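Chain letters run A, B, ... following the sequence lines, proteins first, then strands; residues in each count from 1. Keep in mind that this is a model prediction, so the values were computed, not measured. Computed over heavy atoms, backbone and side chain alike; hydrogens, waters and symmetry mates excluded.
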Number of protein chains: 2
Amino acid sequence: MRDRVRIVVDAMGGDHAPAEIIGGCVAALRESDRISLILTGRAEVIRRHLGNESFGEDRLQIIDARDVIETGEPPVAAIRRKKDSSIVIGMKLIRDGQADAFISAGSTGAVLVGGQLLVGRLPGVARAPLAPLLPTKKGFSLLIDCGANVDARPEHLVQFAKMGSLYMEQMLNIKQPKVGIVNVGVEEEKGNALVKETFPLLKACPDIRFAGSIEAREIPSGEVDVIVCEAFVGNVILKLFEGVALTMLGIVKKAIKSGVLSKIGGLLLKKPLKKELKQYVDNDQGGAPMLGLRGLVIKAHGNSQAKDIRNAIMQCQRFHETGLVEKMKEVMKEDI
Amino acid sequence: MRDRVRIVVDAMGGDHAPAEIIGGCVAALRESDRISLILTGRAEVIRRHLGNESFGEDRLQIIDARDVIETGEPPVAAIRRKKDSSIVIGMKLIRDGQADAFISAGSTGAVLVGGQLLVGRLPGVARAPLAPLLPTKKGFSLLIDCGANVDARPEHLVQFAKMGSLYMEQMLNIKQPKVGIVNVGVEEEKGNALVKETFPLLKACPDIRFAGSIEAREIPSGEVDVIVCEAFVGNVILKLFEGVALTMLGIVKKAIKSGVLSKIGGLLLKKPLKKELKQYVDNDQGGAPMLGLRGLVIKAHGNSQAKDIRNAIMQCQRFHETGLVEKMKEVMKEDI
């Protein structure tokens, strides 16, 4: 076994910070002996929420950070100015080799900018994509990229395909993950300029198993494991997926509430429906990884609960123990 | 009252052609005296399906077309080569002033190419967008463009906004429709190069009521009436919307079927759920209009039933009676 994986958790980020964030840390520390955590944020607030919990200095450390980056702040300016924030301090710990991974449920923009500027990309990596897992009928597909760097070039998408494949193989145990590129049709001549240029590059790439184009309609079926697209399109997919799913659930709830009989119907359906929806609601990974960096950065959902933070910590543990940063370094250095 | 609106219907296009197509035509002819229809396709097949129905030569005409364009065919080649197809013959009738509108549930590609090449754009219109209505919590939003011409320029998107606003105002009686542009955030500095360039143009356009950016998550809420995007993104939105909605319905069905009690629950919920879903299943317009052409072209869904074709015919009647082609001509000639 390797040494304990050292994970920094931003105690101040997210809708339910710091209570749920710290709750997730405590749960993870109890569960796994292979992690040590560093909580960044206002020390006195963190201590108050920890209460009587005690894990020893080698398992749990608190690093005081007085600033808080708000969700609405322009991220580049925030990262530059708020040097005493939980995000900046936390990410610098990775840069300086004092930690392996960083988790935040705070400002997505600040996490993405901080990942690039503070943690830094691996040699050969042109862009560090944000790659959330989408729930599908078959399990999960990695949607890469949903980050802040829109207007990608073909060579960026090829790198996304390589990094995404490695992630799915190592983290979700999928042998030779299937890669698809988001397109407006499955025929090879279809697509916009970016897709048309990228298609032959993906086809020729020996490091991936390219399955061709995928139409957005097919995404929920889970036919491919890695869904490649540039960040503008990825962002639209991620958010529409959520928007439509919540709308449909709202419709079912409204129907249930519409009368006495339908309420009884709803009660009878509750358990099996919950079971079927479980996969769509639970995010085992706890957050989206930002790939191609010198350490792991996880962007947890803004409304993360303790169990999500716990899951994100476990994702970091697995990421570290599979040696994914080193493996990615190995694969990506061909691109230097 | 104007003269009867002359609508060409492609009898051979669609999964349920010709039976459902002809069924829809018969229903519309019975219902409205203000339309006359021209059915294009194999005359003997059409006659067989019409059976004893008779409306007189001035209400229903059949024009023989021997070729059929299949869905998989490359559309440009198909339109050029299959001159004796129901689509080519039907569209030429509009070009030659012998008809006002054209409906097909056949190959989307062929309809889009035919619209541009055979029917032709109005003066000043650079691109003719395909603009389906998306069901929302508040009614419908027009998603413009979902057509075949990807990689649009900013001035194209501004034209889409103008044409879409006119459509929603005239066809759905929405006073001063709100226009939003699909973006990755609501802040003005967000977006890809296309959106950043288009944003100030939309803001400055006096013909529309611009409401700023809309994130994909908000699309189902129906906050804006006209959703502007380039066709690649529009295609992803349209197809993912459908894919996620069907997946969610599949989950509910699976939960209902999982046991005896849940089946009873499903029975109790059936009616209210159907009522809530009605708006999402019924497409009152029967198909997506292709705007900016010298006549109206409607692309009906491939799996159109008789009621959808009937609805598409009624859309054509309304389109004609509001004088929308002339109004659009008036608005768009400023762009010449």
| query | Can you tell me if NZ on A/Lys196 sees more than 12 non-hydrogen neighbours from other groups inside 6.0 Å? | reply | yes
| Pairs of heavy atoms under 4.5 Å with chain B: top-ranked of A/Val195, A/Val233, A/Val150, A/Asn235 | A/Asn235
| Heavy-atom distance under 4.5 Å to chain B: side chain of A/Asn149, backbone, both or neither? | neither
| said: Quick check on A/Ile219 against chain B: is it the side chain, the backbone, both or neither that has a heavy atom closer than 4.5 Å? | reply: side chain
Measure across [X] and [Y] and return the closest heavy-atom pair with its distance rounded to 0.1 Å.
X        : Y        : answer
A/Ala245 : B/Met248 : O-CE, 3.8 Å
B/Leu273 : A/Val252 : CD1-CA, 3.9 Å
A/Leu240 : B/Pro220 : CD1-CD, 4.4 Å
A/Val184 : B/Lys239 : O-NZ, 3.1 Å
A/Pro272 : B/Ser262 : CG-CB, 3.7 Å

| remark: Whatever's closer than 4.5 Å to a heavy atom in chain A on B/Lys137 counts as side chain
| remark: Here the gap from B/Lys190 atom NZ to A/Phe232 atom CZ, rounded to the nearest 0.5 Å, amounts to 11.5 Å
| field | CD on B/Glu242 to CD on A/Glu215, rounded to 0.5 Å | value | 10.0 Å
Between chain A and each of [options], count heavy-atom pairs under 4.5 Å; write down the option with the most.
options                               : answer
B/Thr247, B/Leu194, B/Leu246          : B/Thr247
B/Gly250, B/Gly243, B/Gly72, B/Cys146 : B/Gly243
B/Thr136, B/Leu249, B/Ile237          : B/Ile237
B/Ile251, B/Ile264, B/Leu238          : B/Ile251
B/Asn192, B/Ile256, B/Asn183          : B/Asn192
B/Ser258, B/Ala216, B/Ala231          : B/Ala216

| field | Flag, side chain of B/Asp151 to backbone of A/Ala193, donor-acceptor distance under 3.5 Å | value | yes
| request: Please determine which of A/Leu269, A/Leu267, A/Leu261 meets the side chain to side chain contact (heavy atoms under 4.5 Å, CB included) test together with B/Leu268. | output: A/Leu261
